[in-house]
S.K.: 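Once you've had a glance at the structure underneath, I'll fire off some questions.
In what follows, every heavy atom counts, from backbone to side chain, and hydrogens, waters and symmetry copies are set aside.
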Amino acid sequence: MNVSLLISPAIRVGLLGAAAALSGFGASAQIAAAPRSRIFALTSTATVPVPPAGTQTLDLWLPVPHTDANQDVADLKIESPVPYKIEKGAFGNQMLHLRPAAVPTAPLVVKLTAQITRREHLNLRANGPTADAASKAKKERTDPDMARWLAPDRLVPLDAKIKQQAEEVVAKAHAKTPLEKARAIYEHVVSTVAYDKTGQGWGRGDIYYACDARRGNCTDFHAIVIGYCRALGIPARFSIGLPLPVGRGKGEIKGYHCWAEFFTPETGWVPVDASEAAKNPDKRAYFFGAHDENRVEFTRGRDVELTPKQAGPPLNYFVYPYAEADGQPLEVALNYEYSDITAQ
């Protein structure tokens, strides 16, 4: 039995802090922070409508969850009436691509199923650097895309105005080290941005919208976190996938969720989830240095070029199926479902 599953979220946050503070005393201090995990079946269904009359080619891309340090993907099955390929993209992303030999005259339904094991991603060094923090960070695999995580995105420019805003935030907090600066940025965003999906403009991860409106969803929160970090020379990367309800069971997943990580030589990659912290103030400390297990990652990075490359512009992010009819975007109906599996 996983004893950590019996610990309430509020108590667990306190234990995380205590473990971080005591970590210099040895491995036993880390027991309370043993990562939790969740095993569930995921079903992704894409329904492509009949293309407009005269269409010559139809392309469909479907994001495929990948195995990495924080999740395992097993028993991947694809149901498709036409041949397909699983392609690899940048940053370890995977996607299904198909192009029927003949344009279908009925809706095209493609279903993906997989068993996902998602592990809680913890970096206790973010809240209390340990004596061996530097050596642990050095052992982490160097990200070959580190330069990309310092570069701008289309909706997250790193211009003089953004850099000035970031500098003002860290100066107000008297932050000196990269870790202190990232913490100041996180606290600033959680304190000043509201999780609010009313009106228009939210959900695009537009840093200028988010800075001006001070509200939005997870993409808007993390546009500021990532943009400010990068503007100050701190590598930061974006991931997107699906959230799962905290309670175990089964059901439909209605929307996406995204999160971020930043890198310092002292800590390695540190997970943060500013929007979840804003929605759950009692877990504000927890979400600086942790991603819970109630999620599945689909893709990393923004301004995504698919494989093979789509005719249209790069995708702002890639979490939903995308289709083109003769190079023009075609709306796809989608459905995501999960069902928890009891660990044996």
Side-chain angles (χ1 to χ4, degrees), residues 68-70 90-93 121-123 125-127 137 140-170 173 175-193 204-211 216-241 257-278 287-291 295 297-304 314 316-319:
D68 63 16
N70 303 306
F91 319 132
N93 297 334
H121 182 189
L122 299 172
N123 187 326
R125 289 163 280 158
N127 286 309
E140 291 187 355
R141 185 173 66 86
T142 301
D143 189 326
D145 302 300
M146 194 68 79
R148 176 65 186 89
W149 310 133
L150 285 166
D153 296 318
R154 183 174 58 86
L155 293 179
V156 186
L158 305 181
D159 54 26
K161 183 176 180 179
I162 296 302
K163 185 175 182 180
Q164 179 182 350
Q165 291 176 358
E167 289 175 340
E168 289 173 353
V169 168
V170 300
K176 302 299 182 184
T177 68
L179 180 59
E180 290 172 347
K181 291 177 180 179
R183 184 65 185 249
I185 291 167
Y186 171 84
E187 296 293 348
H188 167 77
V189 172
V190 175
S191 296
T192 64
V193 181
R204 300 175 63 238
D206 182 332
I207 192 171
Y208 272 117
Y209 164 84
C211 287
N217 76 345
C218 54
T219 57
D220 306 304
F221 275 78
H222 294 113
I224 305 178
V225 171
I226 290 171
Y228 279 10
C229 281
R230 290 178 180 177
L232 298 180
I234 302 170
R237 60 193 186 191
F238 170 95
S239 293
I240 193 165
H257 183 49
C258 67
W259 49 92
E261 296 171 274
F262 68 87
F263 181 88
T264 79
E266 295 77 21
T267 60
W269 284 104
V270 177
V272 295
D273 196 330
S275 60
E276 284 300 293
F287 280 117
F288 185 86
H291 290 148
R295 62 189 70 204
E297 181 176 306
F298 275 11
T299 56
R300 180 172 290 167
R302 298 184 60 180
D303 300 335
V304 180
N316 189 17
Y317 43 77
F318 183 41
V319 66

S.K.: Can Asp153 and Arg148 be said to form a salt bridge (Lys or Arg N to Asp or Glu O under 4.0 Å), step by step?
M.R.: CA-CA 9 Å; Asp153 296 318; Arg148 176 65 186 89; 2.4 Å; yes

S.K.: Quick check: closest heavy atoms across Gly241 and Val319, and the distance to 0.1 Å?
M.R.: O-CG2, 3.5 Å

S.K.: If the condition is side-chain hydrogen bond (donor to acceptor under 3.5 Å, both in side chains), which residues does Arg237 pass it with, not counting sequence neighbours?
M.R.: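 Partners of Arg237 by the side-chain hydrogen bond (donor to acceptor under 3.5 Å, both in side chains) criterion, ordered by chain and then number, come out as Asp143, Glu261.
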
S.K.: Between the side chain of Ser275 and the main-chain N/O of Phe221, is any donor-acceptor distance below 3.5 Å?
M.R.: no

S.K.: Of all the heavy-atom pairs spanning Thr299 and Phe318, show the shortest one and how long it is.
M.R.: OG1-O, 2.6 Å

S.K.: Would you check if Val193 and Asp220 make a side-chain contact, meaning some heavy-atom pair closer than 4.5 Å?
M.R.: no

S.K.: When rounded to the nearest 0.5 angstrom, what is the spacing between CG in Asn123 and CH2 in Trp269?
M.R.: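 Those atoms lie 11.5 Å apart.
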
S.K.: Under a 3.5 Å threshold, yes or no: a donor from one side chain and an acceptor from the other, between Asp159 and Tyr208?
M.R.: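 A pair is found: one side chain offers a donor N or O, the other an acceptor, under 3.5 Å apart.
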
S.K.: My understanding is that only residues two or more places apart in sequence, or in another chain, count here; which of them pass side chain to side chain contact (heavy atoms under 4.5 Å, CB included) with Ala236?
M.R.: Ile226, Cys229, Arg230, Phe262

S.K.: What closest approach, in Å, do Asp273 and Cys258 show between heavy atoms, and which atom pair accounts for it?
M.R.: OD1-O, 4.3 Å

S.K.: Would you please test Leu179 and Glu266 for side chain to side chain contact (heavy atoms under 4.5 Å, CB included) and show each step?
M.R.: CA-CA 8 Å; Leu179 180 59; Glu266 295 77 21; 5.5 Å; no

S.K.: Show which side-chain atoms of residues 162-170 pair as donor or acceptor with protein atoms under 3.5 Å away, not counting sequence neighbours.
M.R.:
{"residue": "Gln164", "atom": "NE2", "partner": "Glu168", "partner atom": "OE2", "Å": "3.2"}
{"residue": "Gln165", "atom": "OE1", "partner": "Tyr228", "partner atom": "OH", "Å": "2.8"}

S.K.: With the side chain counted from C-beta on, respond yes when Tyr317 and Phe238 share a heavy-atom pair under 4.5 Å apart, and no when they do not.
M.R.: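 Side chain of Tyr317 against side chain of Phe238, heavy atoms only: contact under 4.5 Å found.
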
S.K.: Do side-chain atoms of His291 reach the backbone of Ala260 as a donor and acceptor pair under 3.5 angstrom?
M.R.: yes

S.K.: Using the side chain to side chain contact (heavy atoms under 4.5 Å, CB included) rule, take Leu155 and Asn316 through it: C-alpha gap first, then chi angles, then the decisive distance, then the call.
M.R.: CA-CA 8 Å; Leu155 293 179; Asn316 189 17; 3.8 Å; yes

S.K.: Work out which heavy atom in Leu122 is nearest to a heavy atom in Ala290; give both atom names and the distance.
M.R.: CD2-CB, 3.7 Å

S.K.: What verdict does the side chain to side chain contact (heavy atoms under 4.5 Å, CB included) test give for Asp68 and Glu297, after you've listed the backbone C-alpha separation in whole Å, the side-chain angles of each residue and the deciding distance to 0.1 Å?
M.R.: CA-CA 9 Å; Asp68 63 16; Glu297 181 176 306; 3.8 Å; yes

S.K.: I'd like to know if the side chain of His222 reaches the main chain of Ala274, judged simply by a donor and an acceptor atom lying under 3.5 Å from each other, with no hydrogens or angles considered.
M.R.: yes

S.K.: What's the spacing between Arg295 CZ and Ser239 OG if we round to 0.5 Å?
M.R.: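 Spacing of CZ (Arg295) from OG (Ser239) equals 9.5 Å.
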
S.K.: For Phe91, is the NZ or CZ atom of Arg300 found under 6.0 angstrom from the centre of its six-membered ring and inside 45 degrees of the ring axis?
M.R.: no

S.K.: Measure the shortest side-chain to side-chain distance between Phe287 and Trp259 over non-hydrogen atoms and say whether it is less than 4.5 angstrom.
M.R.: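 Heavy-atom side-chain distance check fails, nothing below 4.5 Å.
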
S.K.: Would the distance check show the side chain of Asp303 and the main-chain N or O of Arg154 forming a donor-acceptor pair, the cut-off being under 3.5 Å?
M.R.: yes

S.K.: Please round to the nearest 0.5 Å and tell me the distance separating atom CG of Leu158 and atom CG of Leu150.
M.R.: 8.5 Å

S.K.: Begin from the C-alpha positions of Ile234 and Lys181 and carry the test side chain to side chain contact (heavy atoms under 4.5 Å, CB included) through to its verdict.
M.R.: CA-CA 9 Å; Ile234 302 170; Lys181 291 177 180 179; 4.0 Å; yes

S.K.: Starting at OH of Tyr209, measure out to CZ of Arg204 and round the result to the nearest 0.5 Å.
M.R.: 10.5 Å

S.K.: Please find the pair of heavy atoms, one from Arg302 and one from Gly205, that lie closest to each other, and give the distance.
M.R.: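 Distance-wise, the nearest heavy atoms are NH1-O, 3.0 Å.
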
S.K.: Could you tell me the separation between the CZ atom of Phe288 and the CZ atom of Arg183, rounded to the nearest 0.5 Å?
M.R.: 5.0 Å

